[in-house]
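Input: a single structure, listed below in structure tokens.
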Amino acid sequence: MNDLNIPGSQSTPQINSDGSQGLLTMQGDSYPENSFEFFGPVIAWIETYLRDSQAPLRLELRLVYMNTSSVKAMMDIFDLLEEAHGRGRQVSVDWFYDPRNERVLDLADEFREDCTFPFLIAPDSPFK
Amino acid sequence: MNMPLLAPSEQELLRQVETLLAQERYQEHPLRDALARLFEYSEGQRERLERLIKISDGYHSISRSHSQTLAEQYDRQLRRLEKLARISDRYQNSLRELSEALKDAALRDPLTGLGNRRFLMERIKEETERANRKQAAYSLGILDVDHFKAINDQFGHETGDKVLCEIGLAIQDALREYDLCGRWGGEEFLIMLPETPVEFARQVAERVCQGIKEVRVALHQEGCTPPISASLGLTQYRFGESFSEALNRADTALLQAKAAGRDRLEVA
């Protein structure tokens with residue numbers, strides 16, 4: 001399975017996946033011109049991983065600003081996780097935010113609303 | 001015989017006919033053959049009818065569950081859409097607040113909290129238009145803290161910054177509510193007095209200078225700084241001229257005040 005190594009840019013988050021660890025990380029701002037195109041490979045990676053492996057999947061997020069279509073893409077991703085969780089798969093999300101920007105906490109909380117899988121929202125350690 | 005859809009009286013009739021047909025003594029009866037065929041025909045029709053009902057019920061239930069699924073899907077999509085809008089609105093709000101904060105930061109001097117040069121320029125432009133429209137001139141003053149470099153050199157930048165903040169407060173205190181002040185640059189401040197002839201402006205400006213001299217006392221008590229004073233150049237806007245002409249005149253007056261020994265006010 002091919003891992004994702006998408007470098008970040010001013011308008012797109014950095015995205016890395018590690019299938020062997022069952023880890024997907026995304027960090028930065030997200031307002032790509034074409035969110036569907038941008039998040040397509042990410043959604044495909046998650047679908048493939050959930051289909052081909054039985055191991056747990058953890059998402060580590062440090063997302064700051066998102067445009068509406070990125071918000072939609074994230075909701076689709078969380079739906080995938082929710083579905084897998086319903087089938088008994090071990091999935092989780094850890095969303096870290098800059099403690100100087102508490103607004104992200106509220107936003108992450110909105111995302112978490114309908115999710116029944118483990119969804120942690122925590123301030124990022126300043127020493128990271 | 002399975003007849004779940006028939007009423008008891010109908011079931012009884014069918015059983016009766018069946019029993020009659022089975023009886024030995026009617027085997028040769030002239031009507032028996034016709035009755036047997038009629039019975040068979042009726043049974044065939046009944047089965048067809050039952051099959052028809054079953055199929056029709058099946059379709060009905062399929063379409064019912066289909067429309068239920070659609071309604072559920074619709075509700076789900078609606079909830080998703082509402083959530084999307086909610087999250088998106090939040091992002092938009094935080095961006096708006098950020099842009100307001102940036103705008104504020106762009107117009108404010110971070111040290112003294114007063115308006116910065118950009119802010120002052122905007123306001124002077126506005127006030128110039130208003131002065132011409134209403135034929136009511138404003139007065140403009142530029143003031144420079146005397147020997148500020150010496151304060152910085154002798155007591156350090158921290159004390160220098162503190163002096164500037166105190167001076168900012170003193171100027172604000174001395175001005176009237178509708179007057180305007182800001183940090184023009186380094187140790188220069190600008191005051192603008194809307195709809196004020198220079199004779200009146202002079203009184204306010206003298207109060208400003210006096211206020212600045214009192215800053216010295218407050219700081220001196222902490223054993224920090226030498227006497228503080230300022231030189232001030234004041235002018236009145238002349239109708240029709242550009243605001244930069246008024247600014248230049250105030251600047252020239254300030255230079256005169258400095259040349260004449262500082263700690264004074266010159267009007268041009």
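Because only heavy atoms are used, hydrogens play no part in the values below, and waters and symmetry mates are left out as well, while side chains stay in. Numbers restart at 1 for each chain; the letters A, B, ... are given by sequence-line order, proteins then strands.
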Under 4.5 Å from a heavy atom of chain A, the part of B:R79 involved
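Neither the backbone nor the side chain of B:R79 comes within 4.5 Å of chain A.
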Please state whether the side chain, the backbone, both or neither of B:L95 comes within less than 4.5 Å of a heavy atom of chain A.
side chain
With a 6.0 Å cut-off (strictly less than), is the heavy-atom count around CG of B:D75, excluding the residue itself, greater than 12?
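Correct, the count exceeds 12.
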Taking atom CZ as the centre, does A:R100 end up with more than 12 heavy-atom neighbours from other residues, nucleotides or ligands that are less than 6.0 angstrom away?
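Not buried by this count: 12 neighbours or fewer within 6.0 Å.
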Least distance between heavy atoms, A:V64 atom then B:Y91 atom
O-CE2, 3.0 Å
Hey, are B:R86 and A:E113 close enough for a salt bridge, meaning a charged N less than 4.0 Å from a carboxylate O?
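Yes.
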Test salt bridge (charged side-chain N to carboxylate O under 4.0 Å, His left out), reference B:K83, set A:D114, A:D109, A:D79, output is A:D114
Chain A contacts: which residues in residues 96-133 of chain B have a non-hydrogen atom closer than 4.5 Å to it?
B:E97
Write out, in numerical order, the residues from [range] with a heavy atom short of 4.5 Å from a heavy atom in chain B.
| range | answer |
| --- | --- |
| residues 48-58 of chain A | none |
| residues 67-76 of chain A | A:T68, A:V71, A:K72, A:M75, A:D76 |
| residues 23-44 of chain A | none |

